[in-house]
J.: 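Let me give you the structure first, and then I'll get to my questions.
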Amino acid sequence: MNVLAADPQKCALWGVFPEVECWVLTSYMPHELPKAYEPGAIETRWAEYWVQEKLFHVETPQPGDSRPVFTLLLPPPNVTGRLHMGHMLNQTQMDIIVRWHRMRGFVSLWLPGTDHAGIATQMMVERQLLKEGKKRREMGREKFIERVWEWKREYGGAILDQMKRLGASVDWGREYFTMDDNLSHAVKEVFVRLYEDGLIYRGKYIVNWCSDCGTAISDLEVKHEDVPGKLYEIRYPVVGSSEFITVATTRPETMLGDTAVAVNPTDERYLHLHGKQVLLPLMNREIPIIADELAQPEFGTGAVKVTPAHDPNDFEAGLRHNLPQIEVIDEHAKMNGNAGAYAGLDRFAARAKIVEDLSAQGFLVGTKDYTIALGKCDRSGTIVEPRLSTQWFIKIAPLAKRAIDVVDKGYIRFTPENYGQIYLNWMHNIHDWCISRQLWWGHRIPAWYCKNDDCKNVVVAREAPSVCKCGGTKLEQDTDVLDTWFSSGLLPFTTLGWPQATRDLDVFYPNSLMITGFDILFFWVARMIMLGCWFMMPPHKPGSNKAGPDASVGSEDGELRASVPFREVYIHALVRDADRQKMSKTKGNVLDPIQVIEQYGTDATRFTLAAMAAPGTDIAFSESRTAGYRNFANKIWNAARLMFMNVDRIDASLRPTSGQQSPPHKGIVAFDVSTLEDRWILSRFNRAVKDVSESLEAYRFDEAATRIYDFFWGEFCDWYLELIKPRLNFEEGADTTEAKIACRNLINLFEASLRLLHPVMPFITEEIWHAMYDGAPPLRSIALAGYPAADDAQIDLGTETEMAILQDLIVSVRNLRAELKVEPKVKVPVEVFVHEAETRRLFEQNLTAIERLASVERVIFVESSLGNLPGTRGTSRFDVRILYERKVDVAAERERLAKELERIEKEQANGQRQLANEQFLAKAPAKVVEGLKARAEELRVLQEKARAKLKELGENT
RNA sequence: GGGCGGUUAGCUCAGCUGGUUAGAGCGCCUGCCUUACAAGCAGGAGGUCGCAGGUUCGAGCCCUGCACUGCCCACCA
């Protein structure tokens with residue numbers, strides 16, 4: 001049976017009968033391959049195979065195993081997530097790097113998992129409940145959480161299933177979820193230890209409050225947006241005087257909670273008012289005028305209202321001056337009981353009313369247009385209210401110090417480099433991190449409060465305490481959960497078994513690399529570094545001795561170096577649409593990767609993302625590019641068809657067998673180099689391998705991809721395959737020795753090229769590779785084969801130069817044919833004059849190639865220069881002329897020549913000028929000067945010829 | 001308010017530490033269904049490298065200024 005009949009039933013069976021996989025493969029009939037590559041059927045088949053075979057499962061290497069290790073953590077997508085182009089870019093890059101390492105013999109662990117995503121998930125389930133007419137609070141915490149778990153079990157794996165379709169070579173056997181028992185346990189452990197280290201505190205501070213989500217959020221979750229707003233100037237009457245003091249505010253509703261007016265201590269305008277009271281309008285409360293740096297003399301009137309309960313700066317000032325904190329806005333963003341007549345109003349309704357009342361009572365001095373940097377909740381878009389609230393915080397400075405050190409010292413390297421600086425800037429200005437969230441879905445804070453009124457003790461513990469130190473037994477756990485990023489910040493070590501001293505931790509930590517987008521650089525990358533450098537250093541490092549540095553690491557600095565969560569960070573760009581617009585649901589320009597994949601194939605889509613991933617700019621994803629790379633896949637496919645057709649015809653036993661390649665092989669298995677094209681392609685292959693490896697080393701996915709593309713299409717297909725065809729197409733009854741050699745070379749070169757390409761296009765390479773071995777490959781997958789390593793000894797500049805001359809001749813003849821409009825089917829005789837005997841030998845040895853590729857009937861070598869005869873092309877090494885009676889289009893030819901001559905002379909003038917310049921001769925490197933001289937000579941010849949020809953054409957008219 | 005990118009062919013982008021003739025894909029034009037591939041083959045047109053100065057023997061690349069554009073960060077009313 002033919003597997004390419006794309007039989008979905010068989011694929012489906014796989015899940016049930018994994019043992020049948022060879023059944024499909026051995027029946028492969030390559031000569032029946034369809035003309036066009038059909039990625040759909042092939043890709044789903046292999047995607048399933050890779051998962052079923054547990055191909056990428058990594059057993060922990062035991063002591064004594066000397067293989068190098070490569071570890072990569074998948075940035076865990078939210079359980080609520082659907083795969084978007086950003087994921088696909090991220091995963092493509094990771095997969096390329098991981099497959100590449102694996103093929104180079106690294107124990108390569110790519111760890112997958114999902115994030116419980118506190119707010120996002122809770123909101124999603126709440127919305128779902130709402131459709132059933134249920135509300136979270138009515139349901140109760142326990143029931144609600146059970147419901148979220150249900151939802152997670154049902155839908156939470158969607159994004160990972162999509163990943164499987166992409167062929168991501170992750171170890172599915174190690175998949176984690178951030179709320180798994182072991183990870184939850186580690187989260188608790190971390191919290192308790194930070195608390196014991198004095199780095200976690202609880203307190204009443206101003207936090208960013210999202211009234212929609214009903215929770216505090218961290219600074220990072222607030223997105224500032226410049227919007228046109230108003231600046232209101234309000235005058236407060238000074239008690240015991242007829243004076244007023246005018247303050248300005250963008251949020252007049254907060255005035256209800258004012259507890260002072262501040263002026264700068266140095267501001268002479270207000271010296272006489274220090275210590276006086278003002279009467280707060282609308283509220284008729286007396287509040288003091290204080291002298292504080294908070295007020296800047298240059299701004300507005302130099303006097304500022306102080307609302308400690310609703311502004312972070314005012315809060316600080318309030319502490320300095322012992323001011324009362326009066327909250328006037330509640331958790332639903334409504335005015336509360338302290339707001340007098342405005343109680344119950346929404347904050348914006350209150351604002352309008354207050355402005356109206358102030359105006360009516362003559363307190364409003366003026367209203368100005370003013371641009372406000374409005375803070376909005378990243379998740380809900382609601383305007384964030386700074387609000388006094390009791391929360392848990394992490395004291396960040398000690399953590400940040402280490403996180404700065406490791407980057408300063410180069411223990412973590414960023415690519416592109418400038419992100420290192422961006423990271424450091426941020427880290428230097430970091431504030432304490434509010435980690436408590438008023439949600440239900442997440443890791444509950446391991447703190448218990450004693451309900452004994454006399455005690456009110458807080459117990460932070462790993463397990464629920466049964467009794468308080470006061471003897472009380474009524475202890476209640478904090479109802480808040482932790483910020484999602486708290487747990488994801490621990491993943492590099494908790495997924496490997498921390499706090500246990502595991503073998504995994506020894507082997508796989510630090511991770512080798514982190515690949516992610518800059519959008520979570522601070523949210524996640526920075527937190528991982530801070531927490532990693534804290535918990536993988538003594539005394540928290542498992543098995544570490546509190547007394548001193550770990551003996552295996554040696555020094556304190558060594559400890560620090562070993563504590564980083566990853567050695568390198570690669571930051572990738574954002575994927576935008578073809579018009580460079582950010583993809584967003586509201587704009588409706590979101591490209592669904594799965595749809596693109598279905599249309600063009602996963603390999604082509606991956607290739608697009610790789611090829612466009614140049615550093616520094618975002619990726620404008622254009623489908624026309626993907627179509628182009630789909631064509632590339634098709635090209636590979638057809639090259640394979642050519643190969644299979646010939647193998648089957650010439651000698652099917654030429655197919656490689658499982659014994660032939662004892663993996664992992666780093667080059668081409670065997671290669672005969674008796675012809676120019678063989679020596680040439682071998683040289684070019686090695687050069688490509690070298691370039692690709694260098695590019696991948698530098699995370700230049702774009703360079704690697706285009707280099708492979710150029711090699712495979714431009715060199716292998718366009719020239720090599722064409723050149724070996726005569727040998728493959730032996731005549732009936734003729735000796736097949738040559739054909740067999742050519743065929744074997746083709747197979748082995750193709751096989752190595754597939755390995756070169758595999759990390760970027762895993763599916764088509766796997767498919768063809770298996771087919772080459774006729775279903776009995778030496779390994780279960782090409783992914784386990786060796787990655788080609790360049791052999792400098794096989795790079796041959798002399799051969800490449802010879803080939804270049806030959807190509808030059810062929811292209812020259814093609815040019816002439818096109819200019820003279822020779823009918824494609826007509827083979828023409830050509831005259832060739834060579835400047836050197838070697839060139840003649842080269843042409844003579846490759847006559848077949850010239851005749852075939854340039855449609856030449858025969859080559860006549862002549863003894864004198866063809867100079868200016870019609871139908872002639874010349875280079876510095878040869879002249880070639882096609883013998884064809886059709887009249888040259890004199891006008892067109894003259895125009896072409898004139899243009900060419902102009903170009904030559906322009907370049908010539910440039911060169912002459914430089915060569916005449918003594919400073920140039922003195923300062924420029926010899927190589928450049930020599931090159932220029934050689935070129936000048938070439939140009940001289942070319943110019944002479946062009947002139948002569950032009951002259952002749954002129955005379956003819 | 002601070003900081004970081006980008007500006008190269010009609011479109012989307014490459015161009016490595018400054019060095020001989022600035023490249024690719026798509027699109028466009030001409031001719032070909034040449035038994036691997038029309039998702040292909042062969043040939044071709046198309047660029048004052050955003051603007052203005054400067055450094056240099058030499059600038060798309062380095063420096064300065066300007067213009068346009070995108071992004072990140074920021075507790076100043």
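Every heavy atom of this structure was used, including side-chain atoms; hydrogens, water molecules and symmetry mates were not. Lettering follows sequence order; numbering is per chain, from 1.
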J.: Is any side-chain heavy atom of A:Ile396 closer than 4.5 Å to a side-chain heavy atom of A:His431?
T.: no

J.: Counting only side-chain N and O atoms of A:Asn634, is one of them less than 4.0 Å from OP1 or OP2 of B:G40?
T.: no

J.: A:Glu316 versus A:Leu294: any side-chain heavy-atom pair under 4.5 Å?
T.: no

J.: Ring centres under 6.0 Å, that's the criterion: do A:Tyr600 and A:Tyr629 meet it?
T.: no

J.: From A:Glu767 CD over to A:Glu38 CD, what is the distance, rounded to the nearest 0.5 angstrom?
T.: 10.5 Å

J.: Would you say B:C37 has OP1 or OP2 under 4.0 Å from some side-chain N or O of A:Lys635?
T.: no

J.: May I ask you to verify if any side-chain N or O of A:Lys35 is less than 4.0 angstrom from the OP1 or OP2 atom of B:A38?
T.: yes

J.: Can you measure A:Tyr720 atom OH to B:C41 atom C1' for me and round it to whole angstrom units?
T.: 21 Å

J.: Given atom NZ of A:Lys725 and atom P of B:C41, what is their separation to the nearest angstrom?
T.: 10 Å

J.: Within the structure shown, what part of the strands sits under 4.0 Å from A:Asp710 by heavy-atom distance: base, sugar-phosphate, or nothing?
T.: nothing

J.: Write down the distance between CG (A:Asn646) and P (B:A36), rounded to a whole number of angstrom.
T.: 8 Å

J.: With a 4.0 Å cutoff (strictly under), does any side-chain N or O of A:Asn429 reach OP1 or OP2 of B:G2?
T.: no

J.: Under a 3.5 Å cut-off for both contacts, is B:U30 paired Watson-Crick or G-U wobble with anything, and if yes, with which nucleotide?
T.: B:A42

J.: How many whole angstroms separate atom CG of A:Leu721 from atom C1' of B:U34?
T.: 15 Å

